[in-house]
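Given the structure is predicted, the values throughout are model-derived calculations rather than measurements. The first residue in the sequence is number 1, and the count goes up from there.
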Amino acid sequence: MMIRSLAARFNLVFLAVSALGFCAAGAVTHAMLERNAREESLQHARLLLHASDAAGKYASAHVTPLLENRLKFEFLPQAVPTFAAIEHLNQLLKSYPDYSYKQATLNPTNPRNRAAGWELPLVERLRAEPRTAELVGERVGPSGPALYVARPIRIADRACLACHGNPADAPDTMLDIYGRANGFGWKLGETVGAQVVSVPMQVPLQRARTLLQTYLWSLLAIFLFLFLALNAMVHLFVTRRIRKLSRVADDISLGRANAAAIDTRGGDELAGLARAFERMRTSLASAMKMLDE
């Protein structure tokens, strides 16, 4: 079906361009908001890792020295920086059950730290790639999509081997609690596990979806306003004037001397065309008058 109306053609082009722009803007905004949601979750995960490191450093600097004499007679897990870091994060995450933190280790002293499930591939990859400082990825958690960050646990201090090297060298007080089966045989420079933090992404993703919907509705309202405004402008300044010019042109072409006068005000292209038709109308009227004489 051929579209003959100038306004209809204009509207068709406008709607096609608007639909294309709407889809493109929606796709770009959706990708940007999801990227921001992921970045927000990543910052939360890294903040938890920094909190864990801070707790371990505090215990090493201020708690362990106070317990040195007592450690000669009794092994106190609270004096171990790693234990302090884990307890600190576990206490914090009681208020955020969807978050998780674990020092996942292949051969831990405490069985609760043993790497299991989805943590095992992360530890194995960090062991196979000693230059990798951090792994970031996504998984499906109990509450929905979650982002995880894994950092290697490497034995950089030879003092760690006093408790995790040969069982014969470990303190008897420690062996009385944990036994000789687990947490030994570690080597200097070895990656024995990974600090793994899992952060839920449901809240930032829902926020991103809400922002996207608000943006798209606002964009749709803008397009609708432009559609109505441009149609009104086209009608007032283009199509209405063209219809008048068309009627006058018909009268002139049919030799009607009583063709209506044309409004020639303005300096745009249609005003110039109107002046040309007005000259033709005047010439026709003069010619018809001469013929009548």
Side-chain angles (χ1 to χ4, degrees), residues 14-58 84-104 112-113 115-123 125-126 129 132-153 193-230:
F14 178 83
L15 290 175
V17 172
S18 298
L20 182 62
F22 185 81
C23 294
V28 171
T29 305
H30 179 261
M32 182 183 68
L33 290 174
E34 280 206 342
R35 184 172 64 251
N36 289 343
R38 189 175 186 275
E39 187 64 28
E40 179 183 345
S41 300
L42 182 59
Q43 292 302 321
H44 289 171
R46 287 172 173 164
L47 180 62
L48 289 178
L49 288 172
H50 287 309
S52 171
D53 293 340
K57 291 177 180 178
Y58 178 85
I86 295 173
E87 290 299 311
H88 171 75
L89 262 296
N90 286 343
Q91 188 66 30
L92 174 64
L93 296 183
K94 285 181 179 180
S95 302
Y96 303 92
D98 293 333
Y99 290 66
S100 68
Y101 171 82
K102 185 175 179 180
Q103 296 209 4
R112 73 174 180 178
N113 299 326
W118 63 276
E119 304 157 350
L120 276 172
L122 300 179
V123 176
R125 181 176 172 184
L126 289 172
E129 303 174 4
T132 300
E134 182 180 86
L135 294 177
V136 177
E138 296 179 17
R139 70 183 190 93
V140 179
S143 60
L147 182 140
Y148 66 81
V149 177
R151 292 180 177 176
I153 300 174
Q195 287 181 289
V196 182
V197 171
S198 179
V199 176
M201 297 181 64
Q202 184 175 0
V203 172
L205 286 177
Q206 181 58 44
R207 188 184 304 120
R209 285 191 289 269
T210 301
L211 289 173
L212 178 64
Q213 291 175 2
T214 303
Y215 171 74
L216 292 179
W217 279 113
S218 301
L219 195 62
L220 189 61
I222 292 173
F223 280 142
L224 179 60
F225 173 78
L226 288 176
F227 178 78
L228 296 176
L230 289 175

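Of all heavy-atom pairs between Gly117 and Pro121, the closest is O-CD, 3.4 Å. Minimum heavy-atom separation, Val123 to Ala104: CG2-O, 3.8 Å. Heavy-atom minimum distance, Phe22 versus Leu216: CE1-O, 3.4 Å. Minimum interatomic distance between Ala150 and Leu122 (heavy atoms only, all atoms of both residues): CB-CD1, 4.1 Å. Among all heavy-atom pairs drawn from Lys94 and Pro97, the shortest one is O-CD, 4.1 Å. Across all their heavy atoms, Ser143 and Pro200 have their closest contact at OG-CB, 4.0 Å.
With hydrogens and angles ignored, the 3.5 Å screen pairs no side-chain donor or acceptor of Glu34 with any backbone N or O of Ala31.
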query: Given Leu15 and Phe227, is the side-chain contact (heavy atoms from CB on, under 4.5 Å) satisfied, shown in steps?
result: CA-CA 8 Å; Leu15 290 175; Phe227 178 78; 4.1 Å; yes
- Apply the test side-chain contact (heavy atoms from CB on, under 4.5 Å) to residues Leu211 and Tyr215: give CA-CA distance (whole Å), side-chain angles for both, the deciding distance (0.1 Å), then the verdict. CA-CA 6 Å; Leu211 289 173; Tyr215 171 74; over 6 Å; no
Derivation and outcome, side-chain contact (heavy atoms from CB on, under 4.5 Å), residues His44 and Leu48:
CA-CA 6 Å; His44 289 171; Leu48 289 178; 5.9 Å; no
Intermediate values then yes/no, side-chain contact (heavy atoms from CB on, under 4.5 Å), Leu92 and Tyr99: CA-CA 10 Å; Leu92 174 64; Tyr99 290 66; over 6 Å; no
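Summarising the local packing, NE2 of His30 is surrounded by 12 or fewer heavy atoms from other residues, nucleotides or ligands at distances under 6.0 Å.
Contact annotation: the side chain of Leu220 approaches that of Trp217 to within less than 4.5 Å [non-hydrogen atoms, C-beta and beyond]. Taking the side chain as every heavy atom from C-beta outward, Arg209 and Leu205 approach each other to under 4.5 Å.
Here the rule is side chain to side chain contact (heavy atoms under 4.5 Å, CB included) with Ile86, and of Lys102, Arg112, Gln195 only Arg112 fits it.
Between the CG atom in Leu135 and the CZ atom in Arg125 there is a gap of 4.5 Å [rounded to 0.5 Å]. Note that CE of Met201 and CG of Asp98 are 13.5 Å apart. Values are rounded to the nearest 0.5 Å. In this structure, CZ on Arg46 lies 13.0 Å from CG on Asp53, to the nearest 0.5 angstrom. Atom-to-atom distance recorded for Ser198:OG and Glu138:CD is 10.5 Å, nearest 0.5 angstrom. The distance from atom CZ of Arg151 to atom OG of Ser52, rounded to the nearest 0.5 Å, is 10.0 Å. How far CG of Leu230 is from CZ of Phe225: 9.0 Å, rounded to the nearest 0.5 Å.
With no hydrogens or angles considered, no side-chain donor-acceptor pair links Gln202 and Gln206 at under 3.5 Å.
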